[in-house]
Amino acid sequence: MSVLDNVDAATNLAKNNEVQLLVFRVSDKLDSAYYAINVFKTREVVESKNHYITQLPSSHWLLEGTIVLRGLQIPILNLPLWLGVTLSKEDIKKSNILVCDFNGVVIGLRIMSAFRVVKKNWNEMHAPDSYRIGSDNVVINDTRLEDGSLCLVLDYEKLLADVIPQAMVDVTESPVNLLSLTIPNKLKNGTVLIAEDSKTAQKHLRQIFENANLSMKLFDNGKLLVEYVNSLGEEIANIPAIITDIEMPEMSGFTVVKLLKSNPLTKNIPIIVNSSMTGQNNKREAEVLGANGFVDKTKSQNIIPLIVEIMVQEQI
């Protein structure tokens with residue numbers, strides 16, 4: 001399958017409320033859990049023993065160093081250690097490196113073995129009540145494999161924020177890019193609704209809106225947001241804008257856009273897609289479904305200026 005075919009496949013899955021996951025393990029122990037990542041965020045799996053790691057001085061304790069792969073220097077993150085699993089020297093020799101791409105940031109995750117690729121509908125993905133409580137939560141959702149085994153999808157954005165914070169959104173920019181803007185009264189007095197399952201991304205968005213002194217309400221997935229909107233009745237008119245991620249349990253962001261833009265009561269509410277799945281096909285699909293804008297997660301500080309721009313253009 002070509003790169004373009006991969007992009008097309010990713011978009012088609014998301015708009016059909018489906019996701020394709022690469023399932024892997026971080027240990028060979030019998031009780032080792034299964035973990036997963038969206039297959040379209042992965043590039044390849046390489047054997048660790050074939051790549052020399054150059055250690056970096058004064059780096060984060062989870063950053064093992066870097067390898068050079070096809071001329072690209074790639075930071076290697078110790079995923080097992082982040083999950084509380086310590087690998088022996090023999091385990092490390094047998095381990096693999098999962099090369100991933102997040103918003104154009106290429107990293108390597110140490111894993112023990114890739115298991116298989118599975119396709120799931122987002123309504124088969126469930127937000128966990130708690131695996132680690134509060135801000136230390138590392139699991140974003142879970143699902144079941146064919147044999148009933150639990151498979152956990154991790155908050156890779158949290159891992160990046162912990163280890164390579166410079167790869168994430170710079171929330172300090174958010175007050176600066178508002179200085180020359182006139183905030184519409186509907187945005188100033190209303191509440192922006194946001195569907196986002198990553199606690200790390202939620203934290204960033206909360207800070208951005210607090211910096212702007214604007215009100216927002218967070219939902220852990222698209223289904224909860226849509227149900228809330230449908231319960232509002234006439235109060236729908238007070239919503240200035242909606243922001244949604246694409247990858248979420250229960251309901252994808254594309255489904256959120258499709259449902260709200262096909263509803264006469266909500267079709268005129270500006271919807272911004274805020275996602276790390278930044279391929280052109282995803283942006284094009286969001287536009288085709290009726291989304292008013294698309295912002296890469298690493299540039300989330302631009303969301304409020306974009307909302308203002310759309311509201312001015314649409315005279316909202």
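Values in this document were obtained by computation on a predicted structure and should not be read as measured data. We count residues from 1, following the sequence as given.
- For the pair Ile37/Phe24, a side-chain contact is recorded, criterion being any heavy-atom separation below 4.5 Å from C-beta on.
- The pair Asp296-Lys283 counts as a salt bridge, with a side-chain nitrogen and a carboxylate oxygen less than 4.0 angstrom apart.
- Both tests hold for Arg25 against Tyr34: distance to the six-membered ring centre under 6.0 Å, angle to the ring axis within 45°.
- Between the side chain of Asp91 and the main chain of Ser88, a donor-acceptor pair closer than 3.5 Å is present.
- Of the possible polar contacts, one joining the Glu124 side chain to the Asn121 backbone as a donor-acceptor pair under 3.5 Å is found.
- Under the 4.0 Å criterion applied to side-chain N and carboxylate O atoms, Glu287 and Arg284 are not assigned as salt-bridge partners.
- Among the candidates Gln202, Arg206, Lys297, the single residue satisfying the side-chain hydrogen bond (donor to acceptor under 3.5 Å, both in side chains) test with Glu196 is Lys297.
- Counting only heavy atoms from C-beta outward, the side chains of Ile164 and Ile107 approach each other to under 4.5 Å.
- Val39 is listed as a side-chain neighbour of Thr42, based on a closest heavy-atom distance under 4.5 Å.
- Look at Glu157 and Lys203 and you find no salt bridge, because none of the NZ, NE, NH1 or NH2 atoms lies under 4.0 Å from a carboxylate O.
- Within 6.0 Å of NZ on Lys120 lie more than 12 heavy atoms contributed by other residues, nucleotides or ligands.
- A donor-acceptor pair under 3.5 Å links the side-chain atoms of Asn274 to the main chain of Val295, judged by distance alone.
- Residue Lys186 places its NZ atom among more than 12 non-hydrogen atoms of other residues, nucleotides or ligands, all under 6.0 Å distant.
- A salt bridge does not link Glu47 to Lys93: none of the charged side-chain nitrogens sits closer than 4.0 Å to a carboxylate oxygen.
- In this structure, the side chain to side chain donor-acceptor pair (under 3.5 Å) partners of Ser215, at least two apart in sequence or on a different chain, are Thr191.
- Leu193 is listed as a side-chain neighbour of Ile239, based on a closest heavy-atom distance under 4.5 Å.
- With sequence neighbours excluded, no residue satisfies side chain to side chain donor-acceptor pair (under 3.5 Å) with Gln315.
- Ser32 places a side-chain N or O within 3.5 Å of a backbone atom of Ser27 that can act as its donor or acceptor partner.
- Using a 4.0 Å cut-off between charged nitrogen and carboxylate oxygen, Arg70 and Glu44 count as a salt-bridge pair.
- Counting heavy atoms from C-beta outward, Val85 and Leu87 have side chains that approach closer than 4.5 Å.
- No side-chain heavy atom of Glu247 sits less than 4.5 Å from a side-chain heavy atom of Ser252.
- For the pair Leu150/Arg144, a side-chain contact is recorded, criterion being any heavy-atom separation below 4.5 Å from C-beta on.
- Both tests hold for Lys217 against Tyr228: distance to the six-membered ring centre under 6.0 Å, angle to the ring axis within 45°.
- Taking the side chain as every heavy atom from C-beta outward, Val138 and Leu83 approach each other to under 4.5 Å.
- Enclosure of atom NZ in Lys261 by more than 12 non-hydrogen atoms of other residues, nucleotides or ligands within 6.0 angstrom is indicated.
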